[in-house]
Amino acid sequence: MHSKAFAPEYQGALTALSVNSSLTDVLEKGIQNLRAAEAAGAQREVARSGLAVAEAHRRLGNIEEADLAWKASYRAARAAGDLGAMAWALWSGGTLARQRGALALAFRLLGLAADLGKRGGDVVARGYSLAGLAETGRIQGDYQAVAALHEQLLAEARKRGEARHTVWALEGIAQIHRNTGSYDTALAMFEEAAEIAGAADDRRGRAWALRGMADIVSLRDDPERALALLGEAEVTCREMKLSSALAYNHKMRANVLYRARRYEEARQVYEQALAEFRAMSEPRGEALARLGLAKARAHLGRDQAETAAELGELRRTLDRIGLRHARDMVDKAHAELGVLPLETPVATPVAAAPDQEGERR
């Protein structure tokens with residue numbers, strides 16, 4: 001039996017906020033409490049309020065503001081000697097790093113957060129940080145390394161009756177099954193996640209589950225049902241101001257249209273999603289939207305050499321970010337479109353340097 005979903009990232013004076021609170025409301029109340037705590041010199045409350053501000057900014061796509069806020073929250077927590085609050089701030093920073101495509105930094109920050117959560121006795125902070133590590137590995141495509149961790153976190157969440165964490169773990173495992181071709185298992189898990197999220201009043205979790213369901217339903221050649229599921233999820237994304245989730249919803253809508261061979265409609269929606277990802281500096285979503293857009297344009301008659309050049313650039317971008325599954329998608333796009341990769345020229349050391357650089361942060 002699962003309890004109602006709650007938002008442990010809303011702490012201190014903000015614990016009354018719901019998991020379904022509009023992010024603009026969270027930001028407004030967070031800033032108000034943060035200023036009051038700063039004026040009172042209450043460092044623990046500065047850290048807790050600052051965490052909510054950081055998370056609201058991150059989910060709204062305000063990347064620079066989120067970066068400043070989690071670091072300020074961490075400094076306040078450290079000044080107060082509050083290991084749990086330090087863990088939460090690092091969790092926020094690690095989640096932001098993953099959103100920005102800085103996966104190595106995400107692993108480092110989330111690992112530190114998990115350690116501090118354990119040392120500070122904050123079981124929830126540790127659990128969220130381990131979940132963040134698992135999700136980062138899954139996004140990277142390292143399924144073998146993180147599948148067991150996902151299963152462990154799911155078992156723990158079920159045992160404690162934590163609906164939101166159960167939903168997260170189910171969706172992550174479902175995505176692994178989807179990406180490895182086990183569509184029946186994936187759909188069943190997305191459906192269970194949607195049911196649990198609905199019963200627990202976790203609207204965000206349900207929106208992500210509906211998106212996963214739409215993906216599988218579309219692969220089974222039922223585009224109208226898939227579009228209806230995405231339409232339901234979009235209502236939640238708009239009402240809660242979930243900028244990132246809305247952009248991924250639009251990218252999936254474009255995927256559904258593309259699979260239905262409605263290439264002109266797909267092109268338009270990919271362009272919309274691409275603009276949304278660029279506005280929030282989310283390189284993973286941007287690269288995936290660009291890939292879909294390149295494929296749609298190819299079907300609409302784009303020059304093959306231009307398509308080959310863009311696919312080559314995308315493959316290098318995805319290599320830099322470290323997204324193995326998405327990189328494989330580029331290789332499949334070459335085969336699907338009948339576009340041969342451009343031959344790699346013999347590069348001088350200077351010409352090769354950009355591809356050898358680390359992640360640009």
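Values reported hereafter were calculated over all heavy atoms of this structure, with side chains retained and with hydrogens, waters and symmetry mates removed. Values in this document were obtained by computation on a predicted structure and should not be read as measured data.
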Does the pair [X]/[Y] count as a salt bridge with the N-to-O cut at 4.0 Å?
| X | Y | answer |
| --- | --- | --- |
| Glu171 | Arg138 | no |
| Arg119 | Asp115 | yes |
| Arg126 | Glu156 | no |
| Glu276 | Lys251 | no |
| Arg284 | Glu135 | no |

Distance-only polar pair, side chains of [X] and [Y], donor-acceptor under 3.5 Å:
| X | Y | result |
| --- | --- | --- |
| Asn255 | Asp215 | no |
| Gln32 | Glu28 | no |
| Ser244 | Gln99 | no |

Discussion item. Please find the pair of heavy atoms, one from Arg58 and one from Ala66, that lie closest to each other, and give the distance.
Written reply: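 Scanning both residues completely, I find the closest heavy atoms to be N-CB, 3.6 Å.
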
Worksheet, complete the sentence: Looking only at heavy atoms, the pair that brings Ala69 and Val53 closest together is CB-CG1, 4.1 Å

Worksheet entry | Heavy-atom check, side chain of Trp70 versus side chain of Leu51, under 4.5 Å | no

Fill in: Student check: side-chain heavy atoms of Arg100 and Asp67 closer than 4.5 Å
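Sidechains of Asp67 and Arg100: in contact.
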
Practice prompt. Indicate yes or no for a side-chain donor-acceptor contact from Ser92 to the backbone of Ala89 under 3.5 Å, with no hydrogens or angles considered.
Written response: no

Worksheet item: Are the side chain of Arg98 and the backbone of Gly132 linked by a donor-acceptor contact shorter than 3.5 Å?
Response: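 Checked: pair present.
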
